[in-house]
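I have placed the structure first, in the form of structure tokens, so that the comments after it can refer back to it.
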Amino acid sequence: LMSRYVPKEMGYGVPAEGWRICLAHEFTEKRKPFQSGDVSLSQVLKHLGLGIRYLRWWYKKTRVEKKAPFIDMFGALPLRQIYGAPLGGIGGGTITRGWRGEFCRWQLNPGKYHYKTVIENQFTVCLRRDGQTVYQQVLSVERPPTLQGWNWGFCGEYAYYHALYPRAWTVYHLPGQNVTLTCRQISPVIPHDYQDASLPVAVFVWDVENKNDYALDVSIMFTALNGSGHRDDKSGGHWNQPFRLEKEGEAVSGVLLHHCTAVNPYTLCIAAREQPDRDVSHQTAFSPKGTCNGLWNDLITDGRLDSPTGSSPPTAKGERVAAALAAGCAVSAQNRNCLEFSLAWDMPKITFGAGEQQHSRFRRYTRYYGSKGDASPLLSHHALTQYRGWEKRIEEWQTPVLQDSSLPAWYKSALFNELYFVADGGTVWTELAEDADVSGGLRPEDGGLPAQPAVIKEYGRFAYLEGQEYRMYNTYDVHYYASFALIMLWPKLALSLQYDIAGSVVQQDPTERLYLMNGRCSPVKTKGVVPHDIGDPEDEPWQRVNAYLIHDTAGWKDLNLKFVLQVYRDFHLTQDAQYLRDMWPICEMVTESELQFDLDGDGLIENSGYADQTYDGWAVTGPSAYCGGMWLASLVVMCKMARLLENDAKHQYYRGILDRGSAAFDKLLWNGKYYNYDSSGNDHSNSVMSDQCAGHWFLRASGLGDGDYQAFPKEKIQTALKSIFDLNVMSFAGGQMGAVNGMRPEGVPDRSSVQSDEVWIGVVYGLAATMIHELLSGEYLFWVI
């Protein structure tokens, strides 16, 4: 996406790898959310009952209960191609800054997104020569109808954005000034860090390069609204306060913007680092109504702001208030200098949408900065004095990948830039409450867990959403695909999540509710099975699991298996023996629960004829490649874990089932080229599923797949992967869109369901990883990399 307008000069410190775009870029291919009209008539008729039941549930949820539904088919979010790298660490909320520099997506309340560009949040540059202002410009391409006393409309052809998460760079070549500004955005998303990585803060380092033969005085002004563009910005009672904090010989100063809502109040903080050759000034409060000439002229007069000492009065209802902070420095001829700002937000105690104060939680960072709501100055001070150390650790993590010449540029960019969701996925990271009991009172001697497993007590609880439009925490069927980021980069969070899931397995919620797909009533949570999710942020996650009510997932065939596979994968990567011992009885429980689906006793489970697995709109009947393959893989790891725990009886037991199941799997599903979708014999049973090797993928990723426990012959896996490549990849969209979920052997997509002709990104990455594991060569490996 690099535009022809991007200058040859890279800007100070901008890496070669990453995602780059000119600020003048216009996307020619417009995106739109999924609409009901995108479904064929036959699919509409097939799901008519579901649609009617959903409509009734949606009306009750939105009109009666006044809550946001976890899936809102009537309020799809607009897909705007404006977003960039989010600001902030993990679990403290995020603020997304778009690639044009706008502050445009807010996720401060846990799991709830607010999509609003706050036009008051801007950076402005002021250049002065010999005591006179020669240039002053808002560094934004926007031309808003408000704040018209400011100089808007920076020419986007002279600037570009570059992202390599958790950092981003915006380079501005100021037209006619011979000056280049490079804004470097840094968030503390640092692997294997469980302290700074939790901080709700980001740093903006402005590098100023003066290419003139004369000196300049340069000021950057940071303006911010007290709020997020939400209607509660006008609720009244908000106020701003200047501050200065000196600690260990380092000083920072700025403005605190106290946002005093009844639920989840917070404080925004804009701050700058003080140094002997820097000038830091502020405007405590200004009204964003009208032209705002006063603030603009205050800066243009002498490159600094008036810096009043008192706090602003609380806003009246219907009013908004903003603040400004300026930092200035001298830049000699043919030289450079830098200015440093931070943005922090302190919402220490969070109450979820149900409003149950007894279940309110403290965010992870409060362990280090307290829970009184006064941490913003300390957070800002820490960020501005420690960000260089953050960057060093980020570079140590990323450099081996970036310097590997065998890896293509797109892979390096995707590997890091797609990681943004670990922070921006509605993520919450909380301290464990003193009275919390993760398994509902069931102790290890009774098949449960310790009330507070050591890893949760030390590292807290972690949850992230399935998606910003599918608002369920820790949706387990798709966590299977995303979990590698956590276990490889923050393994303690991955183990903590697993303990929570395990604790839910041994509990039940017998409350009957209506399931929308079949119109029947069943319990919310059945004992002995893995939950679909641990709750909705609009309700009370962890306390009430299984927000998903399309299907009763107690009958799903893959959730239990994915738990078993992840337990062993996690042990393989961490070698945490206590974790393995704690999880073994839970793995036994869910495996025994799964055995009920082997109706004929041949060692292979059967699907029900409904969509009873992750592909919840794609029916499957009898033994299937997807669930059957994961069942065999889970038996492999049960054998392996039994050996590790020196339980010979269980090893022999699971080995016997594995041997029978493997023979049945091969007999019923292998057709000489790939494993059939299922064994039903219907018109689509021989479709080619791109995810048919999902179980084998996890075995390979866990160091297994060959030797005593080989469930899938290597030659058959390689043949199946080649068939998938030829059909699902190259015969779909010219091989340019990844692997379609289902393909007919004659080379056309399987359109028997709303999901069989979709492309799922996590599945495609898993497929590519499987191909790499199997060391395919030639055109197949070329596609993968």
Side-chain angles (χ1 to χ4, degrees), residues 7 9 11-14 23-24 97 99-103 119-144 147 149-161 168-185 203-212 214-224 254 270-273 277-283 286 292-293 295-305 322-333 335-343:
E9 301 95 326
Y12 183 69
V14 181
L23 267 61
R97 190 163 178 243
W99 53 268
R100 289 193 176 99
E102 63 270 60
F103 291 77
I119 201 65
E120 294 85 357
N121 290 17
Q122 299 292 342
F123 287 100
T124 296
V125 62
C126 175
L127 304 183
R128 292 174 58 81
R129 179 184 179 189
D130 298 331
Q132 298 293 320
T133 297
V134 296
Y135 181 85
Q136 187 162 301
Q137 172 73 51
V138 182
L139 295 169
S140 170
V141 299
E142 301 291 338
R143 296 181 182 272
L147 305 173
W150 299 7
N151 185 22
W152 295 91
F154 182 84
C155 181
E157 296 179 5
Y158 292 94
Y160 73 92
Y161 174 85
W169 295 255
T170 311
V171 180
Y172 304 87
H173 297 277
L174 304 185
Q177 304 305 314
N178 220 16
V179 171
T180 297
L181 303 176
T182 302
C183 176
R184 188 165 81 257
Q185 170 186 311
V203 174
F204 302 96
V205 180
W206 285 86
D207 177 81
V208 184
E209 184 178 5
N210 179 13
K211 302 175 186 177
N212 294 293
Y214 49 82
L216 289 169
D217 292 315
V218 180
S219 298
I220 301 288
M221 179 174 71
F222 186 10
T223 53
I270 54 175
R273 189 178 186 179
D277 58 347
R278 307 288 192 276
D279 178 73
V280 179
S281 58
H282 69 271
Q283 181 57 260
F286 70 90
C292 273
N293 271 324
L295 180 69
W296 187 262
N297 293 334
D298 187 8
L299 182 68
I300 208 170
T301 300
D302 55 7
R304 67 188 318 276
L305 303 174
L325 180 68
C329 65
V331 188
S332 58
N335 212 334
R336 61 165 39 98
N337 211 335
C338 75
L339 298 164
E340 300 154 307
F341 293 86
S342 67
L343 174 64

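Note that the structure is a prediction, hence the values are computed from the model and not measured. The basis for the numbers below is simple: all heavy atoms, side chains too, and nothing from hydrogens, waters or symmetry mates.
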Search all heavy atoms of [X] against all heavy atoms of [Y] and return the closest pair with its distance.
{"X": "L23", "Y": "Y161", "value": "CD1-N, 3.7 Å"}
{"X": "S332", "Y": "N210", "value": "O-ND2, 3.3 Å"}
{"X": "V205", "Y": "C338", "value": "CG1-CB, 4.4 Å"}
{"X": "S219", "Y": "G328", "value": "OG-CA, 3.8 Å"}
{"X": "W152", "Y": "L147", "value": "NE1-O, 2.8 Å"}

Report yes if some heavy atom in the side chain of [X] is under 4.5 Å from a heavy atom in the side chain of [Y]; otherwise report no.
{"X": "W150", "Y": "T223", "value": "yes"}
{"X": "T180", "Y": "K211", "value": "yes"}
{"X": "C126", "Y": "W296", "value": "no"}
{"X": "L325", "Y": "L305", "value": "no"}
{"X": "T124", "Y": "V138", "value": "yes"}

Kindly compute the distance separating [atom1] ([X]) from [atom2] ([Y]), expressed to the nearest 0.5 Å.
{"X": "D298", "Y": "S281", "atom1": "CG", "atom2": "OG", "result": "7.5 Å"}
{"X": "L339", "Y": "M221", "atom1": "CG", "atom2": "CE", "result": "13.5 Å"}
{"X": "L181", "Y": "I220", "atom1": "CG", "atom2": "CD1", "result": "5.0 Å"}
{"X": "L174", "Y": "Q137", "atom1": "CG", "atom2": "CD", "result": "8.5 Å"}
{"X": "I300", "Y": "L295", "atom1": "CD1", "atom2": "CG", "result": "11.5 Å"}

Given 3.5 Å as the limit, does a donor-acceptor pair link the side chain of [X] with the main chain of [Y], or not?
{"X": "E209", "Y": "T182", "answer": "no"}
{"X": "N212", "Y": "V179", "answer": "no"}
{"X": "N337", "Y": "A330", "answer": "yes"}
{"X": "R129", "Y": "L216", "answer": "no"}

Qualifying residue for side chain to side chain donor-acceptor pair (under 3.5 Å) with R128, from D302, T133, D217: T133

Is a side-chain donor-acceptor pair under 3.5 Å present for R97 with N121? no

Assign the ring pair F123 / F222 to parallel, tilted or perpendicular, where the plane angle (0 to 90°) is split at 30° and 60°. parallel

Check the orientation of Y172 and W206. Use parallel for under 30°, tilted for 30 to 60°, and perpendicular for over 60°. parallel

Is the shortest distance from a Lys or Arg side-chain nitrogen in R336 or D207 to a carboxylate oxygen in the other one below 4.0 Å? yes

